[in-house]
Amino acid sequence: MISAFDIFRIVIGVIVFIFVITFFLRFADMYSGTASSGKAMEAVNAFEDTAQEVYASGNPSSFSGFQGFRTLAYDPPKIMYDSGQKTLAVPTLLVPSTGKLYLESRCSEFGWFSFCWVYAFPEGMRILFTFVDDSPASRQLARQALYYLPDSAQYGFCSSGEARAGGKADFISFLSGPPGAPHQPCNATLPQYTRVIAIAPLPGLPPGSAADLVVDTGAGLALEGGPDGAAANFTGPVELAVLVTGGKKALDYIKQRMSKEVTVSARIMMDRTRLVSQKMVALNRQPCVECATPFPEACGWTDSGGRQHASAAYEAFGDSLDALARPGDIWRALNGTAQAYGLLESEGCE
Amino acid sequence: MKGQAAITEYFVLIFLIAMIAVIAVIMVFGFQMLGTGAEKANARERNALFIAEGILSSGALNSPQFPKGSVLDDSRLTAASCADLWSLLGEGWHAEVRVLRDRSACDGVQAWLKTKCLADLRKAEGAVCTDQSYPSCSVWRICEKKAGMIFFSVPVSVYRKMNGTMDLGVLTVGLE
């Protein structure tokens, strides 16, 4: 016979059991969420560390920590993952993948200034070119961009149903050879992480062609996502290489980042140039080197004794830096500063 | 009476179970907090290392005569401002580069003069570089040093632009 107390015990027992089970289930759910988001954050931090190491040292590396991520996207400079996002400190061009990533850095050098960025791309990434107009100019454009593209990716060409890819060196030697067969639209079945770059005189590709990026042979214009895609203007091989790997968003980010670094570095260099030229005069260290020629006027900056004036040489370099502050083609201005700095170096001032 | 004792016993049991559950939760979260704290400290250390690497590889501070970086140019260090370097490498850090003088210069000095020689050496080591004091200076301070920073030091080479010589120094990076 069940007593009233036994019924009371059963009811209270069931209530407590439900309460405890609910509490532990909720706690386990919350804890597993926290633990997995913590793990994801750790993986993203580890990736950032690797990218920073590659950026600072210039040594290539690899990273495999994104395995198990449900979502992984990159909107430069933000990396977005399952439970959050992180802004990467170093200029990075990431092609997101949960598999193994290769990291390499590339720099554009101007003597007094260099701009470096990091490529992070999946193992087996292919960049295939298709030449609509297989002219020396098209091949030269591809060759110039290749110099700034990562070494560990695979490069090749795509024509008709055939897509062949291999090492960078092999593709460069292929580009140096005679023009190939007439263009056939690329319609091969392509593996994941393949980007097809069509080099074509605009308005674009012949019907039936597909490409991730259509690059105009001459005008510094590219169309993203095919002939009807968004237009992006580029200047020089560095910007083309960035466009090839990361698209227009990456190009805008790299341009903005580079412009900021150039501005800051130029400001430091201007102050430093002024300081050095003043101190050289104050410390009576006027000449950089003795003018080697018996005709002093043949030297860049000379006094009556045929000795070069360091302060004048530095002033000329300072003037070239001024050009960076004016609106216009930043690459042209940077090349001008590189030339002026090269002169300073060749005269023994640096 | 017996029934009342059983109910009390029952509630004590429930209370104990609840206490055990709460203690378990506190322990698990405690471990989590400890892990987070350790991760935060690691992140600061990694960040300090990155700032140090950034300074050592920055084209704005390194002498282009040594293309691989890691040789700081004293004139660039003097010209660089905190705001400029913060905008290049991120904010919230302090750095100091200190050139070390060769103490063996005082070795041949007579014992009663050695103390003065070493004191002079220390004084020369302490001269902070500004536009006015350059190049007779040995310390570059970039950005303000704040309490509670963690510090990280690495040996560096410093190129003395005006003399064309190379000195040995120490780069110390502090991070908030």
Side-chain angles (χ1 to χ4, degrees), chain A residues 3-5 8-9 12-13 15-16 19-20 23-24 27-28 31 34-35 38 41-42 45-46 48-49 51-53 55-58 89-90 107 109-116 260-261 263-276 278-280 282-283 285 341 344-345 349-350, chain B residues 2-4 6-7 10-11 13-14 17-18 21-22 24-25 28-29 32 35-36 39 42-43 46-47 49-65 67-69 73-81 83-90 131 134-136 161-164:
Chain A
S3 67
F5 178 62
F8 169 75
R9 282 211 306 188
I12 289 288
I15 291 171
V16 168
F19 173 76
V20 169
F23 174 79
F24 274 105
F27 176 71
Y31 186 72
T34 313
M41 200 170 75
E42 258 176 45
N45 285 342
E48 188 182 37
D49 286 347
Q52 287 179 347
E53 182 59 39
Y55 179 78
S57 69
V90 295
C107 295
E109 309 271 355
F110 300 95
W112 67 278
F113 168 79
S114 67
F115 177 72
C116 301
K260 181 180 151 191
E261 287 192 21
T263 310
V264 173
S265 299
R267 201 161 45 223
I268 294 174
M269 208 58 189
M270 290 277 266
D271 290 347
R272 186 253 185 188
T273 301
R274 202 175 305 123
L275 177 76
V276 169
Q278 280 170 4
K279 295 289 173 180
M280 281 191 154
L283 298 171
R285 290 189 191 140
Y341 191 77
L344 211 55
E345 281 183 310
C349 301
E350 281 289 294
Chain B
K2 193 185 163 191
Q4 255 184 347
I7 290 173
Y10 200 68
F11 275 108
L13 191 68
I14 290 169
I17 291 171
V22 168
V25 167
V28 169
F29 271 112
Q32 183 86 3
T36 312
E39 176 59 31
N42 280 343
R46 283 197 307 264
N47 212 359
L49 189 63
F50 171 66
I51 302 289
E53 282 178 339
I55 290 173
L56 287 175
S57 61
S58 165
L61 296 177
N62 275 264
S63 171
Q65 283 183 313
K68 279 282 172 195
D73 183 316
D74 66 346
S75 59
R76 291 172 195 239
L77 282 171
T78 310
S81 74
D84 285 342
L85 291 176
W86 270 15
S87 71
L88 281 182
L89 297 168
D131 283 3
Y134 180 81
S136 312
K161 168 79 185 145
M162 289 295 148
N163 306 329

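Numbered from 1 within each chain, the chains take letters A, B, ... in sequence-line order.
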> Do you know which two heavy atoms are closest between A/L275 and B/S75, and how far apart they sit?
Replying inline: CD2-O, 3.9 Å

> Hey, what do you get for CD (A/Q278) to OH (B/Y134), rounding to the nearest 0.5 Å?
Replying inline: 12.0 Å

> Heavy-atom distance under 4.5 Å to chain B: side chain of A/F115, backbone, both or neither?
Replying inline: neither

>> So, taking the atom named CG in B/L49 and the one named CD in A/E53, what distance separates them when rounded to the nearest 0.5 Å?
In response: 7.0 Å

> What heavy-atom pair brings A/I268 and B/R76 nearest, and what distance separates the two atoms?
Replying inline: CG2-O, 4.2 Å

>> At a 4.5 Å cut-off on heavy atoms, which part of B/D73 comes close to chain A: side chain, backbone, both, or neither?
In response: side chain

> A/E48 versus chain B, heavy atoms under 4.5 Å apart: side chain, backbone, both or neither?
Replying inline: neither

>> I'd like to know which of A/V264, A/T263, A/D271, A/V90 tops the heavy-atom pair count under 4.5 Å against chain B.
In response: A/V264

>> Let's test your reading of the structure: which of B/S87, B/A60, B/G90, B/A24 forms the most heavy-atom pairs below 4.5 Å with chain A?
In response: B/S87

>> Can a donor-acceptor pair be found, under 3.5 Å and without considering hydrogens, that links the side chain of A/K279 to the backbone of B/P135?
In response: no

> Would A/N45 and B/R46 count as a side-chain contact (heavy atoms from CB on, under 4.5 Å) if you check the C-alpha gap in whole Å, the side-chain angles of each, and the deciding distance to 0.1 Å?
Replying inline: CA-CA 10 Å; A/N45 285 342; B/R46 283 197 307 264; 3.8 Å; yes

> What pair of heavy atoms forms the shortest contact from A/E261 to B/L88, and how long is it?
Replying inline: CG-CD2, 3.6 Å

